[in-house]
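As the structure is a computational prediction, the values presented were derived from the model and not from experiment. Letters go in sequence order (proteins before strands), and every chain restarts at 1.
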Amino acid sequence: MEARPARLRWAPPVNLQATNVTQQNTDAVSQPAPEDEGALVAARRAKLEQLRGAMGVEPYGRRVDALEPCAAARARFDEAAHAAFEAGQAARKADPSAPVTDSRARVRIAGRVMQHRDLGKLVFFWLRDTSGDLQVTVSKANVSEADFALAKMLDYGDIVVADGPIGRTNKGETCVWASSIELATKSLAPPPGKWHGLEDAEIRYRKRYVDMYSNPETVRAFEQRSRIVSLVRRFMEARGYLEVETPMMQPIAGGAAARPFVTKHNALDMELFLRIAPELYLKRLMVGGMRKVFEINRNFRNEGVDRSHNPEFTAMEAYEAFGDYMTMLEMVESLVRHVACAMAGCAEGGDGPVLPFGDLRIDYRKPFERVRYEDLFMRAFGFDMRDEAKVRAAGKEHHVEKAATLDHWLLVNELFEEKAEALIDPQRPTFVLDYPSAISPLTRPNRAHPEIAERWDLFIAGMEVGPAYTELNDPDIQLAKFTEQLAGADDEESTFRTLDHDFVESLRVGMPPAGGMGMGIDRLVMLMTNSESIRDVILFPLMRRQ
RNA sequence: GCCUCGGUAGCUCAGCUGGUAGAGCAGCUGACUCUUAAUCAGCGGGUCCAAGGUUCGAAUCCUUGCCGAGGCACCA
């Protein structure tokens with residue numbers, strides 16, 4: 001990849017005369033000013049000055065080559081070399097002319113100081129990097145006077161480089177016996193406690209950088225996330241899907257029914273929406289002739305925030321020309337099991353694992369549950385969902401809002417969500433098949449039963465992980481459904497809902513029959529990493545401004 | 001938007017029917033060549049989230065607001 005010229009990278013943004021930019025910057029600078037810093041910070045600043053002055057140490061470091069992760073350094077500990085060195089030391093005690101024997105591996109590690117114990121002429125501290133912790137032992141006899149002075153004055157949170165042989169203490173702790181140490185970065189902030197670490201959920205999300213070094217499982221979860229996304233990509237590529245990127249800023253926010261975020265392009269004087277879904281663009285690619293595509297990217301929905309919703313979230317959508325919703329079902333079931341297998345370390349092609357999620361044990365073994373929407377409705381209510389009178393009565397009985405006037409199928413779905421979804425076993429991944437057409441405007445109706453759409457939703461642990469459709473490719477029906485939908489929009493919805501005529505035009509050009517699916521990647525990661533809050537799988541979740 | 005719970009030292013928390021603000025760890029000074037949440041001696045450290053009210057007196061009771069957690073609602 002060619003590097004961009006530095007001039008471009010560092011050039012100030014050009015067209016930023018918009019007032020909201022300045023506004024945002026002012027808001028961001030609500031941190032306490034330096035003069036508000038307490039005694040703990042003052043003590044660290046005093047050390048900083050001492051390092052720079054009397055000790056001649058640069059507290060913000062320099063390039064260091066040939067570093068290895070703490071875990072790798074620890075793994076290079078060799079019992080025989082350690083024993084030989086200890087024996088040699090004993091021999092020299094008896095006879096100082098005995099030769100020095102030291103075949104222990106030399107290592108160089110860097111990390112944050114997590115523990116610090118000063119025993120006078122011997123200093124122990126632990127360094128932490130993302131691979132783990134490793135103790136560094138500094139003996140006054142082994143290092144320069146300057147290095148020893150530095151070792152004694154280190155603070156919890158400082159970033160330090162240590163060089164030396166990997167060995168063991170008398171008490172059996174594997175450690176680096178420092179031959180030299182170097183301060184990489186002085187930390188000025190008071191750290192969280194060394195025992196409890198950082199537990200306050202608010203600070204964990206707001207200051208993720210502290211959470212990450214204080215709670216190693218945080219970094220672990222995000223390493224897992226990265227691995228899962230990579231597995232998903234490789235799975236899709238192996239099946240011949242092409243990864244594409246479609247607009248995140250759209251003049252019409254289509255493809256779903258959520259409330260969008262609004263923004264503006266100044267030069268074109270144009271209102272834009274952050275996308276709520278990529279669907280309508282990916283389908284245009286089908287029209288253009290691409291057979292199998294997928295996109296993994298952010299969607300933005302201007303809705304509430306809770307344990308399974310963040311306003312910006314990562315979704316995958318995939319489309320396969322000449323497929324249908326059952327093509328997608330096979331693909332998604334294989335994909336979810338594939339990822340679950342990788343997480344559990346079980347054999348590929350086997351039945352699949354059982355993974356914990358909170359108090360649940362999710363059973364990813366073959367096959368996932370399949371249940372028809374109308375059968376689930378029948379089980380929940382005891383009558384057919386097409387029975388308008390009974391549905392109307394049940395709506396009133398269950399106090400559905402506007403039960404008397406609401407469209408029959410919308411009422412059916414209200415009832416379904418209230419009572420039927422609860423019948424799904426949260427421990428069994430379940431495909432609910434064949435939703436009513438009336439609530440599926442982008443889905444092709446079943447040819448024999450047009451009130452039913454060829455659509456499924458996958459539920460795991462009570463969460464909706466994603467839907468799939470046999471895509472509607474009849475331009476006339478699509479236009480009719482869009483028009484009907486717009487007619488039902490209230491005043492607020494009308495401000496952001498517009499008919500995407502170009503999309504309808506693309507269907508007139510002709511989209512091959514196709515299957516399509518969507519999947520919430522954050523929710524998939526939650527399930528795979530046993531994280532019950534979406535905030536634990538998003539590095540910087542949206543928080544209210546302080 | 002609604003309901004419940006919470007916000008006290010850098011961190012984790014205690015603080016009873018209203019009566020001078022506490023602990024452990026962290027910090028500072030000193031001792032210690034094998035520590036493992038090191039130990040020992042000594043010393044500092046608070047806008048009790050904010051504003052208002054009740055009271056002789058409020059961390060504590062009341063009201064409102066801010067921030068968070070959980071739940072509900074919203075989310076085809």
Side-chain angles (χ1 to χ4, degrees), chain A residues 32 36-44 46-47 114-126 133 135-142 148 151-153 155-157 167-175 177 187-207 210 214-215 255-260 276-277 279 299 301-311 313 401 407 409-410 412-414 416-418 435-443 453 455 457 464 467 469 481 484-485 488-489 492-493 497 518 520 532-533 535 541 543-546:
Chain A
D36 293 331
E37 289 174 346
L40 298 181
V41 176
R44 282 164 182 256
K47 286 182 184 173
M114 298 307 291
Q115 287 283 15
H116 186 256
R117 300 186 191 100
D118 176 357
L119 273 73
K121 296 194 181 64
L122 192 62
V123 176
F124 303 98
F125 56 88
W126 295 354
D133 295 354
Q135 180 172 288
V136 176
T137 310
V138 186
S139 166
K140 190 168 166 42
N142 291 352
F148 195 68
K152 285 177 95 72
M153 72 186 293
D155 285 318
Y156 179 23
R168 203 173 255 176
T169 63
N170 291 348
K171 296 289 170 68
E173 179 78 30
T174 301
C175 69
W177 279 97
S187 173
L188 291 176
K194 65 180 179 185
W195 182 240
H196 294 280
L198 185 61
E199 292 186 345
D200 186 296
E202 179 172 359
I203 303 176
R204 285 189 50 221
Y205 301 138
R206 285 191 195 278
K207 296 192 185 296
V210 177
S214 184
N215 301 311
R259 194 174 291 112
I276 55 176
E279 175 151 358
N299 289 339
R301 296 188 180 177
N302 209 336
E303 313 277 356
V305 175
D306 65 32
R307 284 205 306 174
S308 57
H309 294 83
N310 193 65
F313 64 99
E401 206 180 338
D407 170 81
W409 287 110
L410 295 184
V412 165
N413 199 49
E414 289 285 330
F416 183 88
E417 287 179 1
E418 187 166 325
Y435 276 64
S437 287
I439 59 166
S440 313
L442 296 162
T443 314
R455 161 184 165 188
D457 268 33
E464 207 183 322
Y469 312 146
K481 281 187 176 272
E484 188 186 338
Q485 192 184 3
E492 199 223 339
E493 286 171 327
R497 223 151 271 175
E532 289 182 274
S533 170
R535 290 191 174 109
M543 301 291 281
R544 207 179 289 266
R545 198 170 58 194
Q546 283 184 303

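- Q115(A) comes within 4.0 angstrom of the backbone, heavy atoms only, and of no base.
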Write down the protein N/O and nucleotide N/O pairs, taken from nucleotides 41-51 of chain B, whose separation is under 3.5 Å; answer none if there are no such pairs.
none

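- Between the side chain of H196(A) and the base of C11(B), no donor-acceptor pair under 3.5 Å is found.
- Taking atom C1' in both A50(B) and C67(B), one finds a spacing of 11 Å when rounded to whole Å.
- If you check the side chains of S533(A) and R307(A), you find no donor sitting under 3.5 Å from an acceptor.
- Side chain of R497(A) to backbone of A257(A): a donor-acceptor contact under 3.5 angstrom is found.
- Nucleic acid contact for R455(A): sugar-phosphate only, since backbone atoms but no base atoms lie under 4.0 Å from a heavy atom of the residue.
- Taking atom P in both C66(B) and C25(B), the straight-line distance is 39 Å, to the nearest Å.
- Between S214(A) and L198(A) the shortest heavy-atom distance is OG-N, 3.2 Å.
- Across the protein-nucleic acid pair, L122(A) atom CG and A31(B) atom P stand 16 Å apart, rounded to whole Å.
- Nucleic acid contact for W177(A): base, since at least one base atom lies under 4.0 Å from a heavy atom of the residue.
- Taking atom CE on M114(A) and atom C1' on U36(B), their separation rounds to 14 Å, with Å as the unit.
- Comparing U55(B) with G18(B), their P atoms sit 15 Å apart, to the nearest whole Å.
- Between the CG atom of L410(A) and the C1' atom of C75(B) there is a distance of 15 Å, rounded to whole Å.
- In this structure, D306(A) contributes its side chain and H309(A) its backbone to a donor-acceptor pair below 3.5 Å.
- Residue S440(A) is out of contact with every strand shown, counting any heavy-atom pair closer than 4.0 Å.
- Relative to the ring axis of W177(A), R168(A) does not place its NZ or CZ within 45° and under 6.0 Å from the centre.
- Distance check on atom C1': G22(B) versus U8(B) gives 10 Å, rounded to whole Å.
- Residue P191(A) is classed as a sugar-phosphate contact, given heavy-atom separations below 4.0 Å to backbone atoms only.
- A438(A) comes within contact range of no nucleotide atom at all, as no heavy-atom separation falls under 4.0 Å.
- Between the side chain of R44(A) and the backbone N or O of S187(A), at least one donor-acceptor pair lies under 3.5 Å.
- Pairing for U39(B) is with A31(B), a Watson-Crick or G-U wobble pair whose two hydrogen-bonding atom distances lie under 3.5 Å.
- For the pair R117(A) and F124(A), the cation-pi test (distance below 6.0 Å, angle within 45°) is failed.
- When atom types are taken as modelled, the side chain of K47(A) and the backbone of A42(A) share no donor-acceptor pair closer than 3.5 angstrom.
- Of the candidate nucleotides C75(B), C34(B), C11(B), C34(B) has the atom lying nearest to any side-chain atom of F124(A).
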Next on the checklist: Before you tell me yes or no, could you show the steps for Y435(A) and T443(A) under side-chain contact (heavy atoms from CB on, under 4.5 Å), namely the whole-Å CA-CA distance, both residues' side-chain angles and the distance that decides it to 0.1 Å?
Outcome noted: CA-CA 10 Å; Y435(A) 276 64; T443(A) 314; over 6 Å; no
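- Rounding to the nearest 0.5 angstrom, the gap separating the CG atom in D133(A) from the CD atom in Q115(A) is 9.0 Å.
- In this structure, the side chains of I439(A) and L410(A) come closer than 4.5 Å at one or more pairs of heavy atoms.
- Comparing U64(B) with A69(B), their P atoms are spaced 22 Å from each other, to the whole Å.
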Item to check | Protein proximity profile, nucleotides 65-71 of chain B - base contact B, sugar-phosphate-only contact S, no contact -, cut-off 4.0 Å on heavy atoms | outcome: --SSSSS
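- The residue among K121(A) and R117(A) whose nearest nucleotide of RNA chain B lies closer to the 5′ end is K121(A).
- Atoms CG (L198(A)) and C1' (A26(B)) sit 14 Å apart, rounded to a whole Å.
- Here the CZ-CZ distance, from F313(A) to R301(A), works out to 4.0 Å after rounding to the nearest 0.5 Å.
- The base of U36(B) lies close enough to the side chain of E173(A) for a donor and an acceptor atom to sit less than 3.5 Å apart.
- Here the separation of G44(B) from U29(B), taken at their C1' atoms, is 10 Å to the nearest Å.
- Put simply, NZ on K152(A) is 13 Å from P on C28(B), counting in whole angstrom units.
- Across all strands shown, C16(B) remains unpaired; no Watson-Crick or G-U wobble contact has both distances below 3.5 Å.
- Atom C1' of G65(B) sits at a distance of 27 Å from the matching atom of G10(B), rounded to the whole Å.
- The pairing partner recorded for C5(B) is G68(B), the criterion being a Watson-Crick or G-U wobble arrangement whose two distances lie under 3.5 angstrom.
- Rounded to whole Å, the separation between the C1' atoms of A9(B) and U47(B) comes to 13 Å.
- Here K47(A) reaches the OP1 or OP2 of C28(B): one of its side-chain N or O atoms lies under 4.0 Å away.
- When rounded to the nearest whole Å, the span between NZ of K207(A) and C1' of G10(B) equals 12 Å.
- Base pairing analysis places C61(B) opposite G53(B); the two distances defining the Watson-Crick or G-U wobble pair are each below 3.5 Å.
- Here the side chain of P190(A) is nearest to one of G10(B), U33(B), U12(B), namely G10(B).
- To the nearest angstrom, C1' of G10(B) lies 19 Å from CH2 of W195(A).
- Between the CG atom of D155(A) and the C1' atom of C28(B) there is a distance of 11 Å, given to the nearest Å.
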